[in-house]
Amino acid sequence: MFDIQVSNSSSIDSVDFENIAFGQVFSDHLFVMDYDDGKWQKGRIQPFGPLTLNPATMALHYGQAIFEGMKAYRQPDGGVSMFRPGDNIQRFNISAVRMCMPEVPEDIFMQALVELIQLDKAWVPNNENSSLYIRPFLFATDSHVGVRPSHSYRFVIFTCPVAKYYDKPVKVKVEFDYTRAAVGGTGAAKAAGNYAGSLYPTKLANDQGYDQLLWTDAKSHTCIEECGTMNAAFVVNGQMIVPATSDTVLAGITRDSAIKLAQDLGIDVVSRTVQVAELEKAAKNGTLNEAFGLGTAATVSLMSTIGFKEWDFELPDPATWTIAHQIKDALDSVRLGRSEDTHGWNIPV
Ligand SMILES: *Cc1c(COP(=O)(O)O)cnc(C)c1O
């Protein structure tokens, strides 16, 4: 189905799989497919390497660019499975529509993932806590100055072996001034510009000693939306509370998996609007037991501190937590093929 040019040298022997810096080590091949003349052209798999771009490439000027992030895991029998790739493909196309870009046909996308990962199967780590991160992206390639949708696009997938993302629990600050996403905006899409816009407010928080922001709604800054580039979850009085998805809260696949696994485990879990005030009250009266982020890169990322307007709340010692650990263990064991995949989430390559 695709043209395949196999690399005649591999850099795999230079990789220390026990100590991989996240997103800095790339597998030997990538997948490329261009959209020209109103249709998708034949895809190709080729050695990983630089892309050459005209300086007027529209994505660089007007930001028509989207991405996805997903993972493949080594299975006990030595095989490799991707985790819920169909959901990432669907979300990619939702992002494409929002940014006025052509959708990638689902079957071609899936086939590209399978063939690319099969070719670079040796790059899927064998060790605990590690996986192959998969980065599909799409960007506008017309060489044109002037704002309009591009006519041509390039779709690329590359992969990176990765270890854990954050090592220690993160300090987060509730953001009351800046906004990640607004109703009617692009927050539900994985559009490149969303992340660019979050950098400066995050840097200001970093300067104050926080690692990440807890984003609030654009209009009133009274409801918690997301944690950095992850979905957020809280445990109050033993109940797991997850902000509901919306135009401004991205529908994370880790979030959805965590909710379903929580239900399987008999954990009391709800998805609803979460007020900053109720969290602060729970923090004050000792019922805010756990807080964590949910996302593909970090999986379950524990919070150590939540900075409210006037004060910092220190969460209880994670050793006393129960729900975040249960969710992480359940998620890990499904993805690593150690427990039964009752939801049909693992897709072998
Ligand atoms: C990607 C992303 C998430 C997490 O989605 P997953 O599918 O779980 O990786 C959450 N919020 C934002 C803003 C994101 O970009």
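Note: hydrogens, waters and symmetry copies are ignored here, and every other heavy atom, side chains too, is used. For ligands, and for the atoms within them, numbers begin at 1 and follow the listed sequence.
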For ligand 1, is Arg180 a contact, meaning one of its heavy atoms is under 4.0 Å away?
yes
Does the residue Glu68 have a heavy-atom contact with ligand 1, meaning some pair of atoms that are separated by less than 4.0 Å?
no
Are any of the N/O atoms in Ile253 less than 3.5 Å from those in ligand 1?
yes
Compute the shortest N/O to N/O distance between Arg255 and ligand 1 and return yes if it is under 3.5 Å, no if not.
no
Exactly one of Arg91, Arg84, Arg135 clears salt bridge (charged side-chain N to carboxylate O under 4.0 Å, His left out) with Glu68, and that residue is Arg91
May I ask you to decide if Glu175's main-chain N or O and Thr216's side chain share a donor-acceptor pair within less than 3.5 Å?
yes
Element-labelled atoms of ligand 1 that are located less than 4.0 Å from some non-hydrogen atom of [X]:
X: Gly252; result: 5 (O), 6 (P), 7 (O), 8 (O)
X: Tyr195; result: 13 (C), 14 (C), 15 (O)
X: Thr229; result: 2 (C), 3 (C), 10 (C), 11 (N), 12 (C), 14 (C)
X: Asn231; result: 4 (C), 10 (C)
X: Glu226; result: 10 (C), 11 (N), 12 (C), 13 (C)

Picking from Asp341, Thr299, Asn346, what satisfies side-chain hydrogen bond (donor to acceptor under 3.5 Å, both in side chains) with Arg335?
Thr299
Do [X] and [Y] get their side chains close enough for a donor-acceptor pair, meaning under 3.5 Å?
X: Ser152; Y: Thr141; value: yes
X: Ser10; Y: Asp28; value: yes
X: Asn54; Y: Thr57; value: no

Students should be able to answer this: which protein heavy-atom is nearest to [atom], and at what distance?
atom: atom 8 (O) of ligand 1; value: Thr254 OG1, 2.6 Å
atom: atom 2 (C) of ligand 1; value: Lys190 NZ, 2.6 Å
atom: atom 9 (O) of ligand 1; value: Thr296 OG1, 2.6 Å

Trp345 vs His343 aromatic rings, parallel, tilted or perpendicular, using cut-offs 30° and 60°?
parallel
Quiz item: cation-pi between Lys71 and Phe83, 6.0 Å / 45°
no
Honestly, is Lys309 close enough over Phe176, meaning NZ or CZ under 6.0 Å from the six-membered ring centre and within 45° of the axis?
yes
For ligand 1, which part of Leu250 has a heavy atom less than 4.0 Å away: the side chain, the backbone, both, or neither?
side chain
